[in-house]
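Dropping a structure here in structure tokens format, bear with me for questions.
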Amino acid sequence: MLVYPSGVDVFSSALRFLAPRLRERRRALGTRWRRLSAGRQALLTLSHLRNGQPYAQLAAGFGIGTTTVYRYVTEAIELLAALAPMLAEAVRAASMKAYLILDGTILPIDRIAADRPFCSGRHKKHGMNVQVLADPKGRPLWASPALAGAVHDVRAAREHGIIDALAEAGINCWADKGYQGAGGAVRLPYRGRWDSLSAGQQAVNRSHAKVRALVEQAIATLKSWRLLRKLRCSTTRIITSLVQAVLTLHLASSD
């Protein structure tokens, strides 16, 4: 395999955030020697998450074995995922904001047509449903554990306890028609054909769409980590850990 110098379009603050925590973990485990330093392990993990490169390519580039790459990346992802904010923490931190924006996104996975639970009828593809909370400026604050793509957004929001958490905190939340029937503090646009709505309802829906559109910026921020654009791994805990690891890195870089 040919090897060539390359770069990772990630803020250096992400590397400065991850490397010390990997050193602390090594000290806690009593690790004396490894093939890569903590800084190189952090760079390896960032390369995998940001560029979506397979383990074999990373192994060739860093001069280590494929199994070692898997262990190093898995260790770092689990460490980052454990630092991701819980829903209660995110809602508490957002208590001073005027409102939040909620939306769901589908992370594509490599599944065949027979895997019906993972097929999203709305998006016409197989994937995992992840709920995202964003602030009024479109910055991601929290991302949910991943559910099968066939799960509707309103059901996912209920299962994760998002609706109840927002209602208890008294925070208004803007969402699209996929959350019909959510109730609580969730604000939805008027339903119906556009020409059947009154002028006032059309004005409300236009204003609502402008506010809610900023959540797409938060989702795009998460998907700028290319590994999340096409997942080729287990649909259970691993995808949730990947999403939470990416969220942790973004929050650390934006502080």
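Side-chain atoms are counted along with the backbone in the values below, which use heavy atoms only and exclude waters and symmetry mates.
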> Which pair of heavy atoms, one from Ala165 and one from Leu87, lies closest together, and at what distance?
Replying inline: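 Looks like CB-CD2, 3.9 Å.
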>> What's the separation between atom CG in Leu141 and atom CG in Leu251, rounded to the nearest 0.5 Å?
In response: 7.5 Å
>> Does atom OH (Tyr190) have a neighbourhood of more than 12 heavy atoms from anything else shown, all under 6.0 Å?
In response: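 Result for OH/Tyr190: open.
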>> Rounded at 0.5 Å granularity, tell me how far CG in Leu44 sits from CZ in Arg40.
In response: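 So the CG of Leu44 and the CZ of Arg40 are separated by 8.5 Å.
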>> Could you tell me if Ser224 and Arg50 have a donor-acceptor pair between their side chains, going purely by distance under 3.5 Å?
In response: yes
> Rounded to the nearest 0.5 Å, how far apart are CE of Met128 and CD1 of Ile239?
Replying inline: 4.5 Å
>> Looking at Ala84, is its backbone amide N or carbonyl O close enough to the side chain of Thr248 to form a donor-acceptor pair, meaning the two atoms are under 3.5 Å apart?
In response: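 Answer holds: yes.
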>> Please evaluate residues Thr74 and Ile238 with respect to the criterion side-chain contact (heavy atoms from CB on, under 4.5 Å), reporting the C-alpha separation (whole Å), side-chain torsions for both, the decisive distance (0.1 Å), and the verdict.
In response: CA-CA 9 Å; Thr74 300; Ile238 295 178; over 6 Å; no
>> List the residues meeting ring-ring contact (aromatic ring centres under 6.0 Å, His included) with Tyr55, not counting sequence neighbours, and say none if there are none.
In response: His48, Tyr70
>> What I'd like to find out is whether the side chain of Phe17 reaches to under 4.5 Å of the side chain of Leu80, using heavy atoms alone.
In response: yes
> So, Gln41 and Arg25: side-chain donor and acceptor under 3.5 Å apart, yes or no?
Replying inline: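 Arg25 and Gln41 do not have a side-chain donor-acceptor pair below 3.5 Å.
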> If every non-hydrogen atom of Ile163 is compared with every non-hydrogen atom of Val186, which pair is closest and at what distance?
Replying inline: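 Heavy atoms only, the tightest pair is CG1-CG2, 4.3 Å.
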> Are Val243 and Ile109 connected, step by step, through hydrophobic side chains (Ile, Leu, Val, Met, Phe, Trp, Tyr) whose heavy atoms are closer than 4.5 Å?
Replying inline: yes
>> Do Leu79 and Val73 sit in one hydrophobic cluster, given that two such residues count as connected whenever their side-chain heavy atoms are within less than 4.5 Å of each other, even indirectly?
In response: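 Shared cluster, yes.
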> When you check the side-chain N and O atoms of Arg71 and Thr67, is any donor under 3.5 Å from an acceptor?
Replying inline: no
>> Are more than 12 heavy atoms, taken from residues, nucleotides or ligands other than Arg155, located less than 6.0 Å from that residue's CZ atom?
In response: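 Atom CZ in Arg155 is not packed in, count stays at 12 or less.
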>> Let me check something: do Tyr72 and Leu29 share a hydrophobic cluster, defined by ILVMFWY side-chain heavy atoms less than 4.5 Å apart, either directly or through other members?
In response: no
> Can you list the residues that meet the side-chain contact (heavy atoms from CB on, under 4.5 Å) rule with Ser144, with sequence neighbours excluded?
Replying inline: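 For Ser144 the side-chain contact (heavy atoms from CB on, under 4.5 Å) partners, ignoring immediate neighbours, are Val130, Gln131, Trp142, His160.
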>> Rounded to the nearest 0.5 Å, what separates atom OG in Ser95 from atom CG in Leu166?
In response: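 It is 12.0 Å, given to the nearest 0.5 Å.
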> So do the side chains of Pro108 and His126 get within less than 4.5 Å of each other, counting heavy atoms only?
Replying inline: no
> So, are Arg34 and Glu75 salt-bridged, with charged N and O less than 4.0 Å apart?
Replying inline: yes
>> Tell me the closest heavy-atom pair linking Thr240 and Ala146, and the distance in Å.
In response: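 It is OG1-N, 2.9 Å.
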>> To the nearest 0.5 Å, what is the distance between CD1 on Ile101 and CZ on Arg187?
In response: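 Interatomic distance, Ile101 CD1 to Arg187 CZ, rounded to 0.5 Å: 14.5 Å.
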> Stepwise, does the side-chain contact (heavy atoms from CB on, under 4.5 Å) test hold for Ser47 with Leu58?
Replying inline: CA-CA 8 Å; Ser47 300; Leu58 292 171; 3.9 Å; yes
> Is Asp135 paired with Lys137 through a side-chain N to carboxylate O contact shorter than 4.0 Å?
Replying inline: no
>> For the backbone of Ala213 and the side chain of Glu216, can you confirm whether one donor and one acceptor N or O come within less than 3.5 Å of each other?
In response: no
>> Looking at every non-hydrogen atom in both residues, tell me the closest pair between Leu49 and Ile77 and how far apart they are.
In response: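 Closest pair (atom of Leu49, atom of Ile77, distance): CD2-CD1, 4.1 Å.
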>> Looking at every heavy atom in both Val132 and Val215, which two are closest together, and how far apart are they?
In response: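 Taking Val132 first and Val215 second, the nearest heavy atoms are O-CG2, 4.3 Å.
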> In terms of hydrophobic clustering (I, L, V, M, F, W, Y; side-chain heavy atoms under 4.5 Å; direct or indirect links), are Val69 and Phe62 co-clustered?
Replying inline: yes
> Shared ILVMFWY cluster between Val8 and Ile64, side chains joined below 4.5 angstrom?
Replying inline: yes
>> Within the structure provided, determine whether Leu46 and Leu249 are in side-chain contact (heavy-atom separation under 4.5 Å).
In response: yes
> Is there a salt bridge (charged side-chain N to carboxylate O under 4.0 Å, His left out) between Asp9 and Arg226 once you walk through the steps?
Replying inline: CA-CA 11 Å; Asp9 56 339; Arg226 297 175 185 87; 3.4 Å; yes
> Between His250 and Val246, is any pair of side-chain heavy atoms under 4.5 Å apart?
Replying inline: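 No, their side chains stay 4.5 Å or more apart.
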>> With a 4.5 Å cut-off on side-chain heavy atoms, are Trp174 and Leu188 touching?
In response: no
>> When you compare the side chain of Pro136 with that of Tyr99, does any pair of heavy atoms fall below 4.5 Å?
In response: yes
>> For the backbone of Ile106 and the side chain of Asn129, can you confirm whether one donor and one acceptor N or O come within less than 3.5 Å of each other?
In response: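 Checked: no pair found.
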> What distance do Leu22 atom CG and Ser37 atom OG have between them, rounded to the nearest 0.5 Å?
Replying inline: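 Between atom CG of Leu22 and atom OG of Ser37 there are 9.5 Å.
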> Is the closest side-chain heavy-atom distance between Leu222 and Trp225 below 4.5 Å?
Replying inline: no
>> Tell me whether Gln244 contacts the main-chain N or O of Ala82 through its side chain, where contact means a donor paired with an acceptor under 3.5 Å.
In response: no
> Is a donor on one side and an acceptor on the other found under 3.5 Å between the side chain of Thr221 and the backbone of Gln217?
Replying inline: yes
> Less than 4.5 Å apart, any side-chain heavy atom of Arg212 and any of Asp176?
Replying inline: yes
>> Please find the pair of heavy atoms, one from Ile171 and one from Val91, that lie closest to each other, and give the distance.
In response: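 Looking at all heavy atoms of both residues, the shortest contact is CD1-O, 3.6 Å.
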